[in-house]
Amino acid sequence: QEQLVESGGGLAQAGGSLKLSCVDSGRTFSNYAMGWFRQAPGKEREFVAAISWSGGITYYADSVKGRFTISRDKAKNTVYLQMNSLKPGDTAVYYCAADSSSPWAVVARSYDYWGQGIQVTVSS
């Protein structure tokens with residue numbers, strides 16, 4: 001059973017940076033694709049970024065491409081989301097997720113395990 005715990009959220013100014021971390025306490029982290037999603041108030045959960053189990057493939061939503069970077073450290077069972085050039089529109093609860101069956105995925109239903117979410121607020 002995977003247990004995902006996010007950290008690193010908080011308040012940032014527009015143009016600033018934050019780095020989210022997600023630690024997986026399970027034993028099969030290395031075999032799973034990982035993803036980040038976000039949900040703003042009154043909106044549906046949306047895909048942000050994904051990384052393959054090997055770390056060799058990454059994929060981003062158009063809205064964050066060039067500003068966010070997803071990475072993983074298998075030795076630490078951790079996936080990261082480096083967020084630069086933040087905008088007020090990035091304000092949301094951010095979730096990390098693990099996918100046990102796909103090389104990588106952009107749809108939420110592909111992911112088996114989810115963290116509890118962490119708030120990111122970007123002020124203008």
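Numbers here simply count residues along the sequence, with the first being 1.
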Inset, instruction - For the residue pair Tyr113 and Tyr32, categorise the inter-ring angle as parallel (less than 30°), tilted (30 to 60°) or perpendicular (more than 60°). - result: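 If you compare the ring of Tyr113 with that of Tyr32, the planes turn out parallel.
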
Please give me the minimum heavy-atom distance between [X] and [Y], naming the atom from each residue.
{"X": "Asp99", "Y": "Ala105", "answer": "OD2-CB, 3.5 Å"}
{"X": "Ala49", "Y": "Tyr60", "answer": "CB-CD2, 3.6 Å"}
{"X": "Pro88", "Y": "Ser124", "answer": "CG-CB, 3.9 Å"}

[atom1] of [X] to [atom2] of [Y]: how many Å apart, nearest 0.5 Å?
{"X": "Thr78", "Y": "Leu4", "atom1": "OG1", "atom2": "CG", "value": "10.5 Å"}
{"X": "Arg72", "Y": "Cys96", "atom1": "CZ", "atom2": "SG", "value": "11.0 Å"}
{"X": "Trp36", "Y": "Phe68", "atom1": "CH2", "atom2": "CZ", "value": "11.0 Å"}

* To do: For Lys87 and Asp90, run salt bridge (Lys or Arg N to Asp or Glu O under 4.0 Å): C-alpha distance rounded to whole Å, both residues' side-chain angles, the deciding distance at 0.1 Å, then the answer.
  => CA-CA 5 Å; Lys87 305 175 181 180; Asp90 295 319; over 6 Å; no

Can you get from [X] to [Y] by hopping between Ile, Leu, Val, Met, Phe, Trp and Tyr side chains that sit under 4.5 Å apart?
{"X": "Leu81", "Y": "Val120", "value": "yes"}
{"X": "Trp114", "Y": "Val93", "value": "yes"}
{"X": "Met83", "Y": "Phe47", "value": "no"}
{"X": "Tyr80", "Y": "Ile51", "value": "no"}
{"X": "Val107", "Y": "Tyr59", "value": "yes"}

If you count the non-hydrogen atoms of other residues, nucleotides and ligands that lie under 6.0 Å from [atom1] in [X], is the total more than 12?
{"X": "Gln13", "atom1": "CD", "answer": "no"}
{"X": "Glu46", "atom1": "CD", "answer": "yes"}
{"X": "Lys65", "atom1": "NZ", "answer": "yes"}

Can you check whether Pro103 reaches Ser52 side chain to side chain, under 4.5 Å on heavy atoms?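 Answer no - side chains too far apart.
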
- [ ] Could you check if a side-chain atom of Trp53 sits within less than 4.5 angstrom of a side-chain atom of Lys74, using non-hydrogen atoms only?
- [x]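 In short, these two side chains touch, coming nearer than 4.5 Å.
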
Checking [X] side chain against [Y] main chain: does a donor-acceptor pair fall under 3.5 Å?
{"X": "Thr58", "Y": "Ile70", "value": "no"}
{"X": "Arg67", "Y": "Ser85", "value": "yes"}
{"X": "Thr121", "Y": "Thr91", "value": "no"}
{"X": "Asn77", "Y": "Asp24", "value": "yes"}
{"X": "Tyr95", "Y": "Glu6", "value": "no"}

List for me each residue that meets ring pair (Phe, Tyr, Trp, His ring centres under 6.0 Å) alongside Tyr94, sequence neighbours excluded, and say none if there are none.
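With sequence neighbours excluded, Tyr94 shows a ring pair (Phe, Tyr, Trp, His ring centres under 6.0 Å) to no residue whatsoever.
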
